[in-house]
Amino acid sequence: MGLTSAQQDWLRNRFGNRVTTDLMERKIYSHDVGVMPPLVKPLIGKATADAVVQPRNEQDIRDLVRWARENDVPLVPRGKATSGYGGVVPVKGGVTVDFWRMREVVAVDVEALTVTVESGVVWEDLENELAKDGLALRLYPSSAPSSTVGGWLAQGGFGYGSFEYGAFPNNVVSARVALPSGEVREFGDDDMGLIADAEGITGIITEVTIGVRPSEPEVVVGAQFAESEQLTQALQGVVREELPLWSVSFINPEMARMKNELPPKTKHGEPVEQERPAIPEAYVALFVFPASREGEAEAALRRIVDRSGGTMLDADLAAHEWAERFSIMAVKRLGPSLIPAEVVVPLNRLGEALPDIEDRIDLPLVIEGMVTRGTGDPEVVLLGFMPHDERKLTYNLAFGLSLLPIGAAKRHGGRVYGSGLYFAHEAEDVLGAERVERLRAFKEEIDPRGIMNPGKVLANGRLVNSFLQTAEAFEPLVGTVGNATGVPYGERTKGSGRRGVPDDVAWYAHACAQCGYCVDSCDQFYGRGWESESPRGKWFFLKEYMAGRAELTQDWVDKFIACTTCELCNVACPLDLPNEPSWLSMRGELIHERGELTFPPFEIMQASLKKEHNIWGSYRSDRADWAAAGLDRLPEEGDVCYFPGCTASYVEQDIAQSTACLLDKAGVEFTYLGEDEACCGIPMLMAGLWDTWEEIMRHNIAAMKKRGVETVVTSCPACWLVWKEYYPRWAEKLGIDYGFEAKHYSEVLADQIESGQLVFDQPVDMRVTWHDSCHMGRAGGIYEPPRELLRAIPGLELVEMEHNREEGHCCGSVMSLVADPAAAKRIGDLRLREAEEVEAEAVVTSCPCCEVQLRVTADKTGRRLPVIDLAAMVCDAAGVRHPDSTEYALEMWATFEAMINLLNPEPMADLMIELFPQMVDAMPYGMGRMMRAVGRVPGGGAVLRAMKPLFPTLFPMLMPAMMPDVMPDMLEAVEDRVPMPAHMKEQMPDLMPMAMERLMPKMLPAIVPLISDPLIAYLQDA
């Protein structure tokens, strides 16, 4: 049974937009990195949450816990779901508690070497914050780019740094926990065992204080061993001689082999040259220690490795492997699925246990090992995975192979790594009998109703546990059957697609590790706050959709379109999945192929583009007005052509004028297309309106050829990306001859500065920071040329924001700005805060869209931080006068934003309600007169209400005939709502009918339910 209406109302009233009951969102928040076999799922229980809540602080959690206890509603705490033991999987529905909004660093004590954080802090972020105070983490998990402090404390376990510092709970000073009563209690050394490794069954962790260490450079030394016994001897020697190492880890030969097989990273569909050295197919170990210990550690380590029969690894290879330490699941790219197998064995039995585990499994078994030293004897955590294919029936049988390493580990004095949902029957082996009894007694005392994460750790006896216990008892049979399934893995995209999803996109959806590395870096996620907006959420949805367990609603169409195309997810992904290009493929499938609704403002843009070759509702004849100040003498033909683009031509003309003046001053001869120039087309490409995109592309290519152009120079990064990447790829696909080189003007000017042909002699005394636009930076790799221009300006101080170059944050423009201006503001504000944190007096960028977005954000948030165009700043240094179009740009954005807000179902419904008299009069076949007559007679309201179910069918049939008569009044209503310059008002009688013709059939399903009751009321009163 789910939540009652009253319970849902309480959650919404208390948490507002921080609660969701959307089914797909609930599914996304109800799984972890593991993929349950279909035959196991029925044994879990009710494995989907009834709601997801995102508390902001401890008080939120206290209120939620008290309400849950009063209403007998289970609570399932969720950090980032990076484990595979089912700890975040509901078994009785209830409410999943997501900690994304609780990620503050509360206090750093440099003297005491401690840090206090909210439980939702991600390890990688915390490490970066500590570095500012000269500190570092003692240890962190292998999922540090995504997992949270509270999640690891609840899960327990070991990680990098555990060789020196042991298990994570041993490094926790204290933790604040909300108990089922709503009371918040602080746990310390004596009672830490009641919450650590307990997976939230005794309370919800709100705040954690952990020990840290002074930061210093790391030294990484690698070694390779042909046999597991040699590896074991070396590891035992390291322990025996008490080498002062911080972290010791290794991979097995199969892991090395599969890492070598990984496909290359791609950009725009082409392989990217990477420094990816071949890894020896051996046991490869990494030994890490602080630089201050180098003298006493490295020489002894080399001696131990040599004595054990190993060979030292090349230093560059060791450094490379350490840099890749968080990419353990990269081999899933070959899967596309992984069967987990994680165990702990004593170090002194490792030489026997490893071959016992590896020899019993015929599937490839990749293993990463971590050596730990805690309060007892040294142990080795073996994190293993077997590639397979979850789409095949044999996956159910092969999954049983995950039990074989557990049996082998037990034979050699080891145990399963964690308990969670699946191995609750192993809790005594994992935690110890005494601790389990104490935990059970505490649980019964504080949570007799069992609302705190039911089914975990102490829940032995559930169907899933009984099933696994039975399977363990028949280990030989399970192994024989599992091994007989074969090895169905490898990069096989052809035929993967289902329900219209392209083959490559379908393959990536299954290959996605669900590790969550992409989540926090995704501007759509942190702009809106829900994981359905992130790549991880989209990949999960596509799997559900292809399996027939979800439908592609307009909401999901919007999610695929809304991506800003910033590509930061591509950088974060440890599998090097082409996330953003896949969303582009989906846009083509959804909008171009299926005819789904794109964002409505793009229909107005398309109409303007088709009529006047620009997206701003301006006249084609005005495109060259920016060049009137002395640059209208440009030659008709030339090798080089400057392509300013729409926004620089019509809105931010200072960009075009400054760029052209600088090219001229630098001695670069160039031509210009003038009125023959059309929008580059990227809005249509990203909106999925590919017919118009192709039409515009063909026009621009032909115009360039007509003028004999060889090199296209742009100021707009998006235009540059189009000429550099998209046009040539589409031209090849369509058989169009294409021979242009594309350059951003900063590249051209940087060369002229280096050659001495361009000199800046006017000082600019200012401290500025550079914003890397996504299209020019991550998508194109242009980072240094604009910085070279700024560094060449006398008096200018250039400072870098925390996130820069490949990791620079998006401004929030492009698709997000069109989809959701409020979210775009939140995204842009994050970027402006970064600029303020480095005490910059201005943000400099070269992207017209970034400039508009950041200026709009600064205006809306009241920040007094100028956003300056790069060319304008360089003009100041070169003594070239230029205009400032900031004020006009903000006016035009106000128009654009008002149009965006209008072209949504609710505002459009309000507009149509205002036009009821005209709409009813315009109904064909006498329908309007008949409906008015029905409304006036006694009982007419009942008749109209009986007709209401027919409205969704009637309106799409009637609207095409109504629109010509209604359009004049609609235009007046639009003008009342949208402030427009004169040239745009003049265009609207042509643009609005073109847009409405395409929009109305697709928008009416969302609009009709909003206008039905008001229409009935109007007809009764008319």
Side-chain angles (χ1 to χ4, degrees), residues 79-80 82 99-100 102-153 155 157-173 175 205 207-220 245-249 286 288-292 319 321-328 370 372 515-521 526 568 571-574 800-809 830 834 837-838:
K80 274 295 176 61
T82 57
F99 292 87
W100 176 69
M102 292 182 62
R103 57 189 191 281
E104 294 297 319
V105 176
V106 178
V108 178
D109 192 326
V110 177
E111 293 185 3
L113 291 179
T114 63
V115 61
T116 301
V117 299
E118 290 182 321
S119 57
V121 166
V122 170
W123 286 103
E124 187 173 69
D125 295 340
L126 178 55
E127 179 82 328
N128 292 336
E129 285 299 311
L130 289 173
K132 298 174 183 177
D133 291 303
L135 301 174
L137 293 165
R138 289 184 179 179
L139 71 170
Y140 46 75
S142 58
S143 55
S146 177
S147 61
T148 64
V149 172
W152 202 25
L153 178 56
Q155 174 70 47
F158 305 89
Y160 296 110
S162 284
F163 184 82
E164 180 171 356
Y165 292 103
F168 172 56
N170 298 338
N171 296 272
V172 176
V173 177
I205 300 166
E207 191 175 279
V208 184
T209 299
I210 61 175
V212 295
R213 60 185 176 127
S215 177
E216 59 176 303
E218 297 170 336
V219 177
V220 181
L245 305 180
W246 173 68
S247 181
V248 177
S249 58
L286 296 179
V288 186
F289 47 88
S292 61
E321 285 303 287
W322 180 246
E324 294 291 312
R325 65 191 178 280
F326 300 127
S327 300
I328 180 176
M370 290 185 179
T372 73
C515 63
Y517 289 15
C518 61
V519 173
D520 282 0
S521 62
Y526 64 74
L568 195 52
V571 174
C573 180
E800 296 287 0
M801 285 183 270
E802 179 178 355
H803 296 92
N804 60 77
R805 293 178 173 82
E806 190 178 55
E807 296 181 352
H809 281 308
L830 178 69
E834 280 197 300
E837 286 169 3
V838 295

Would you confirm whether [X], through its side chain, and [Y], through its main-chain N or O, come within 3.5 Å as a donor-acceptor pair?
X	Y	result
Asn171	Ala167	yes
Glu118	Glu104	yes
Glu129	Val105	no
Asn128	Asp125	no

Minimum heavy-atom distance between [X] and [Y], given as atom pair plus value:
X	Y	value
Phe99	Ile205	CE2-O, 3.7 Å
Ser162	Gly159	OG-N, 2.9 Å
Arg213	Leu113	C-CD2, 4.3 Å
Lys80	Thr148	CG-CG2, 3.8 Å

Quick one: does [X]'s side chain get under 4.5 Å of [Y]'s, heavy atoms only?
X	Y	answer
Val115	Leu126	yes
Leu153	Val172	yes
Leu245	Val288	no
Val117	Glu207	no
Tyr517	Cys573	no
Ser119	Trp152	no
Cys515	Pro574	yes
Met370	Ser142	yes

Derivation and outcome, salt bridge (charged side-chain N to carboxylate O under 4.0 Å, His left out), residues Lys132 and Glu837: CA-CA 13 Å; Lys132 298 174 183 177; Glu837 286 169 3; 5.2 Å; no
Sole candidate of Phe163, Tyr140, Phe289 that passes ring pair (Phe, Tyr, Trp, His ring centres under 6.0 Å) when paired with Trp246: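 It is Tyr140, the one option of Phe163, Tyr140, Phe289 that forms the ring pair (Phe, Tyr, Trp, His ring centres under 6.0 Å) with Trp246.
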CA sep, side-chain torsions, deciding dist, call: Arg103, Asp520, salt bridge (charged side-chain N to carboxylate O under 4.0 Å, His left out): CA-CA 11 Å; Arg103 57 189 191 281; Asp520 282 0; 5.7 Å; no
Neighbour count above 12 (heavy atom, 6.0 Å) for Glu807 CD: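 Result for CD/Glu807: open.
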Between Thr116 and Thr209: side-chain donor-acceptor atoms closer than 3.5 Å: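 Indeed, the side chains of Thr116 and Thr209 share at least one donor-acceptor pair under 3.5 Å.
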If I take atom [atom1] from residue [X] and atom [atom2] from residue [Y], how far apart are they, to the nearest 0.5 angstrom?
X	Y	atom1	atom2	answer
Arg138	Ser247	CZ	OG	15.5 Å
Ser215	Leu135	OG	CG	7.5 Å
Tyr165	Ile210	OH	CD1	11.5 Å
Phe326	Ser146	CZ	OG	11.5 Å

Near-ring test Phe168/Trp123, centroid separation under 6.0 angstrom: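 Between Phe168 and Trp123, which both carry aromatic rings, the centre distance is below 6.0 Å.
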Residues Glu800, Arg805; criterion salt bridge (charged side-chain N to carboxylate O under 4.0 Å, His left out); working and verdict: CA-CA 9 Å; Glu800 296 287 0; Arg805 293 178 173 82; 3.4 Å; yes
Parallel, tilted or perpendicular, as decided by the 30° and 60° cut-offs, for the rings of His803 and His809: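 Taking His803 first and then His809, their aromatic rings sit tilted (interplane angle of 30° to 60°).
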Evaluation steps, side-chain contact (heavy atoms from CB on, under 4.5 Å), between Leu286 and Val220: CA-CA 7 Å; Leu286 296 179; Val220 181; 4.3 Å; yes
